[in-house]
Amino acid sequence: MPSTQAPSSPDLAGRLQTQAIIAWVVTAVGTVTFHLLHLYAAVGEVAALADGHGHDHAHDHGEGGGHLDFYTSLTDHNSGSAWQLVIFLALMVIPPAIGLAYATKAGAIIMMATGLIHALAMSLDGFAHGLGEGAWSTLALTLVAILTPAAIATIRNIQWLRAFPTHGAAA
């Protein structure tokens with residue numbers, strides 16, 4: 001007859017910690033992938049504009065400056081845009097690093113909070129770009145590359161938190 005007991009707490013907690021960390025790493029990779037694909041698409045649009053084969057859709061809606069200003073500012077050596085993008089993407093390593101450094105309940109809570117804040121900020125950025133550009137592909141990529149892995153990471157994080165013993169439990 002198979003055992004109905006849960007695995008021992010350290011084994012279960014260790015497995016759930018590993019799964020949560022891997023899920024946050026996948027979210028970080030998805031975030032970087034989203035921005036790289038969006039940047040490549042923007043570079044293609046800038047090239048099409050320079051060739052005279054395209055037009056900036058932001059001007060269709062009466063917006064000044066166009067939606068490609070941020071990406072074209074990446075080539076300006078006096079602009080902080082490139083550093084802002086790199087630093088913000090590099091911050092995505094913080095949740096898995098916290099999970100590796102602190103295998104405690106507080107570490108799990110901080111890992112989940114920092115991961116959620118960053119994933120939500122990146123998702124809002126993706127939705128703003130998708131809606132502003134009228135591009136359903138940007139919205140879909142935000143859902144697939146950022147929100148889905150973040151949701152899975154959050155679920156794994158909550159499961160890891162539940163594996164910690166409660167204060168009222170008898171030893």
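Given the structure is predicted, the values throughout are model-derived calculations rather than measurements.
Between the Thr27 side chain and the Pro149 main chain, a donor and an acceptor come within less than 3.5 Å of each other. In terms of modelled atom types and a separation under 3.5 Å, the side chain of Thr148 and the main chain of Leu143 share a donor-acceptor contact.
Between Leu16 atom CG and Ile21 atom CD1 the span is 11.0 Å, to the nearest 0.5 Å. The distance from atom CD1 of Ile110 to atom CD1 of Ile98, rounded to the nearest 0.5 Å, is 6.0 Å. Note: Leu36 CG to Leu89 CG = 7.5 Å, rounded to the nearest 0.5 Å. Distance CG/Leu141 to OG1/Thr33: 8.0 Å, rounded to 0.5 Å. A distance of 5.0 Å separates CG of Leu139 from CG of Leu131, quoted to the nearest 0.5 Å. Annotation: the span from Met112 atom CE to Trp160 atom CH2 amounts to 10.5 Å, rounded to 0.5 Å.
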Assess whether side chain to side chain donor-acceptor pair (under 3.5 Å) is satisfied between Arg156 and Gln159, documenting all intermediate values. CA-CA 5 Å; Arg156 293 294 180 220; Gln159 290 172 342; 2.7 Å; yes
Does the side chain to side chain contact (heavy atoms under 4.5 Å, CB included) test come out yes or no for Trp24 and Asn157, once each step is laid out? CA-CA 9 Å; Trp24 284 116; Asn157 223 131; 2.9 Å; yes
Run the numbers on His118 and Leu91 for side chain to side chain contact (heavy atoms under 4.5 Å, CB included), then give the verdict. CA-CA 8 Å; His118 200 278; Leu91 289 176; 3.9 Å; yes
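Between Met122 and His35 there is a side-chain heavy-atom pair separated by less than 4.5 Å. Within the 4.5 Å cutoff, the side chain of Phe34 has heavy atoms near those of the Thr138 side chain.
Grouping the Ile, Leu, Val, Met, Phe, Trp and Tyr side chains by contacts below 4.5 angstrom, directly or via other members, places Ile152 apart from Ile146.
More than 12 heavy atoms of other shown residues, nucleotides or ligands fall within 6.0 angstrom of atom CZ in Phe127.
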